[in-house]
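Have a look at the structure below, then the notes.
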Amino acid sequence: MQNLVKEFIENKLNTSIVLEKPKDLSFGHYATPVAFSLAKELKKSPMAIADELVSSLSNSDMFEKVEAVKGFINFKLSSSFLESLVNDALNNKESFAKQTIKDEKILLEFVSANPTGPLHIGHARGAVAGDSLARVGKYLGYDITTEYYINDAGAQMDLLGLSVSLAARDFLFKEDVAYPETYYRGEYLIDIANIVIEKFGKDIIYDESKYKDIAFFSKDLVMEIIIKDLKDLGITFDNFVSEKTLYSSWDSTKEVLEKNGSLYSKDDKVYLKSTQYGDDSDRVVVRDNGIPTYLAGDIIYHKNKYDRKFDRYINIWGADHHGYIPRVKAAVEFLGNDSSKLEVILSQMVQLLKGGEPYKMSKRAGNVILMSDITEEIGADALRFIFLTRKSDTHLEFDIDMLKNQDSSNPIFYINYAHARINQVFKKAEITQEEIKNIDIKNLNQDGLNLIYESLLLESILTEAFLKRDMQKITEYLYSLASSVHKFYNEHKVIGSDEQNMYLKVLAMAALSINVGLSLLGIKAKEQM
């Protein structure tokens, strides 16, 4: 809708414009400050220009009224134009709010948690944000590939092998174990230890030379847990990339960096000159023992990404990775690539409450709140929605018990209730949505037109949410639309009224927007409650 209006005005005026949506609909559905941008060129006041432009824009079936207000031009859409958009939407539901295919390939990497244990609630936030961003982007025509980077190289893998061995000796063999300061803990390790012993025998638990073998076998078992937990949340990936397999490319990657003069040696270590691109210090990429660092793995991986020739690369990282951004971008530039194509979104941790008190840690995971526990307790839909009610780089705190409430304090219940209420109205009226989709609404009252207008905003909301990487705009829109549905239903008699079929058409349009909006957040709208 907004694109159609903007395109029409720009063609009429032969100039690009900014089209805004006034907060108060009494001023109109849209407004543009184009007269202010033309004032210098035309050497006239914005008010005079706006008055002149109004006449050239008024003769269109698209608008009921075009008026100049203090230099702004306000547009009120006509009921016939709104009706044409509703008819198109209800007759082509599968393509409502979609956009044409875009010539832009995006690689979206998210979650990428170490394969050393089940995902915790912090991982879930990045997972939901990434999956929803991908869903919306694909719907808007972008070619998006989703990817999980498996960090299966480095010290964390050695620690996993040790931790499985310790769990076996402590919990299976009932030995007195002296635990080191750092190790992984949780009941999942006992389950893994049982499988390791069944496959390789008891002796492997005591053979330190086999800890790496234990680790890489266990890593695959952990990845099975992770993939299942993600699937339970409605999340799948196009690609999984192993860090370990990429290290064979380190020598060739290092050679490129050396040719570009981006490395130097000091104290038997090799450093990346990352301060040249804004880092606060140069970073070690090869330790004094000759082993590449974690950063080296990231450099290899990003070279691999750019070698695959995407137009844009989006990473969703935990907030603790903030310091990695300048050093990775520096490496991208040193490799001869454009770091402006790499976009990093940080996902803040989550504070979880239950009945106003901090949520208890999971015994199965040792010292974290498992994503799977919360999914099981409140359901995937509620978990996905609440994570999207705040932009991922801002703090989020929520109470599990609130998401069990059957009232407006629970946002996903409130929105689903609006959708289910509309379906119930159709059932009571004994009319199908198919029967009303072409009903004439030219005599519809202003409340009905306003609800239609709000329902038709979905495409512009999706576009803004994707471009700003902010799914909160969609959750806010859906809650507002649900509120408008409830208000309209409470203030207007639908079944048995003279306006029944017109009102049903209005509600059908709202239901379509709610249904599509929720689906793009990975949530299935409820038909009944």
Side-chain angles (χ1 to χ4, degrees), residues 108-135 144-152 156-157 159-161 163-164 167-168 171 184-199 214-245 316-318 347 349-350 352 359-388 400 403 412 519 521-524:
L108 173 58
E109 179 220 333
F110 57 103
V111 184
S112 298
N114 290 343
T116 53
L119 298 178
H120 58 63
I121 198 67
H123 294 133
R125 187 175 191 187
V128 171
D131 183 66
S132 300
L133 184 65
R135 288 171 185 260
I144 298 179
T145 299
T146 58
E147 190 159 281
Y148 187 119
Y149 180 49
I150 305 172
N151 299 119
D152 55 358
Q156 74 268 21
M157 297 310 297
L159 197 58
L160 177 60
S163 300
V164 171
F171 297 100
Y184 298 119
R185 63 203 65 165
E187 292 180 2
Y188 74 97
L189 291 166
I190 303 172
D191 297 334
I192 290 175
N194 270 315
I195 298 172
V196 168
I197 293 167
E198 183 180 344
K199 183 170 179 64
I214 293 175
F216 286 107
F217 179 78
S218 301
K219 176 261 296 185
D220 291 336
L221 298 177
V222 172
M223 283 306 301
E224 288 179 11
I225 297 171
I226 288 173
I227 290 170
K228 178 192 178 299
D229 288 350
L230 287 169
K231 189 175 181 181
D232 288 344
L233 203 51
I235 299 170
T236 59
F237 284 86
D238 298 316
N239 296 334
F240 288 87
V241 176
S242 162
E243 178 184 9
K244 183 173 182 289
T245 62
I316 298 181
W317 289 348
S347 179
M349 290 295 290
V350 179
L352 204 60
Y359 194 91
K360 291 182 179 179
M361 300 294 183
S362 169
K363 292 181 180 179
R364 292 188 294 120
N367 61 348
V368 297
I369 300 172
L370 285 181
M371 181 180 91
S372 57
D373 286 347
I374 309 305
T375 304
E376 183 178 341
E377 182 162 356
I378 65 174
D381 287 356
L383 182 57
R384 290 186 68 109
F385 191 89
I386 200 67
F387 276 150
L388 299 172
I400 289 291
L403 294 172
I412 189 60
S519 72
L521 301 182
I523 300 168
K524 183 173 176 56

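Hydrogens, waters and symmetry mates are skipped; everything else that's a heavy atom, side chains included, is used. The structure presented is a predicted model; accordingly, all values stated were derived computationally and were not measured.
- Distance OG1/Thr245 to CD/Glu243: 9.0 Å, rounded to 0.5 Å.
- For the pair Glu377/Leu383, no side-chain contact is recorded, criterion being any heavy-atom separation below 4.5 Å from C-beta on.
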> Checking side-chain contact (heavy atoms from CB on, under 4.5 Å) for the pair Leu352/Ile400: CA distance, chi angles, key distance, verdict?
Replying inline: CA-CA 7 Å; Leu352 204 60; Ile400 289 291; 4.1 Å; yes
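- Tyr148 contributes a side-chain N or O that, together with a main-chain N or O of Ala113, makes up a donor-acceptor pair within less than 3.5 Å.
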>> Could you go through Phe387 and Ile121, starting from their C-alpha distance and side-chain angles, then the distance that decides it, and tell me whether this counts as side-chain contact (heavy atoms from CB on, under 4.5 Å)?
In response: CA-CA 10 Å; Phe387 276 150; Ile121 198 67; 3.7 Å; yes
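- Taking the salt bridge (Lys or Arg N to Asp or Glu O under 4.0 Å) definition, one finds that Lys244 meets it with nothing, sequence neighbours left out.
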>> Evaluate Ser218 against Val196 for side-chain contact (heavy atoms from CB on, under 4.5 Å), listing each step before the verdict.
In response: CA-CA 8 Å; Ser218 301; Val196 168; 4.0 Å; yes
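- One finds the CD1 atom of Ile374 at 13.0 Å from the CG atom of Leu119 (value rounded to the nearest 0.5 Å).
- Looking at Arg384 and Ile235, their side chains come closer than 4.5 Å, going by heavy atoms from C-beta outward.
- Between atom CE of residue Met223 and atom CD1 of residue Ile150 there is a gap of 4.0 Å, rounded to the nearest 0.5 Å.
- To the nearest 0.5 Å, the span separating CD1 on Ile369 from OH on Tyr359 amounts to 7.0 Å.
- Across all non-hydrogen atoms, the minimal contact from Leu160 to Lys219 is CD2-N, 3.9 Å.
- Although no hydrogens or angles enter the test, the distance criterion places no donor-acceptor pair under 3.5 Å between the side chain of Gln156 and the main chain of Thr116.
- Partners of Phe110 according to the ring pair (Phe, Tyr, Trp, His ring centres under 6.0 Å) rule, which considers only residues two or more places apart in sequence or in another chain, are Phe237.
- For the salt bridge (charged side-chain N to carboxylate O under 4.0 Å, His left out) condition, the pairs that include at least one residue of residues 108-117, sequence neighbours left out, are Glu109-Lys305.
- Minimum heavy-atom separation, Leu189 to Ala167: CB-CB, 3.9 Å.
- Residues Thr375 and Asp229 fail the side-chain proximity criterion, which asks for heavy atoms closer than 4.5 Å.
- Rounding to the nearest 0.5 Å places CG of Leu521 at 5.5 Å from CG of Leu388.
- Minimum interatomic distance between Gly522 and Asp381 (heavy atoms only, all atoms of both residues): O-OD1, 4.0 Å.
- Arg125 contributes no side-chain N or O that, together with a main-chain N or O of Ser347, makes up a donor-acceptor pair within less than 3.5 Å.
- Side-chain contact between Phe217 and Ile195 is present, with heavy atoms from C-beta onward closer than 4.5 Å.
- Residue Ala193 comes nearest to Ala168 through the heavy atom pair CB-CB, 3.8 Å, listed as atom of the first residue, atom of the second, then distance.
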>> Between Ile316 and Leu108, does the side-chain contact (heavy atoms from CB on, under 4.5 Å) criterion hold? Intermediate values first, please.
In response: CA-CA 8 Å; Ile316 298 181; Leu108 173 58; 4.3 Å; yes
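- Interatomic distance, Ser132 OG to Phe385 CZ, rounded to the nearest 0.5 Å: 10.5 Å.
- For Gly234 against Asp131, the heavy-atom pair with the smallest separation is O-OD2, 3.7 Å.
- When Ile225, Asp152, Leu221 are each tested for a side chain to side chain contact (heavy atoms under 4.5 Å, CB included) with Pro115, only one passes: Asp152.
- Shortest non-hydrogen contact noted between Asn114 and Asn151 is OD1-CB, 3.2 Å.
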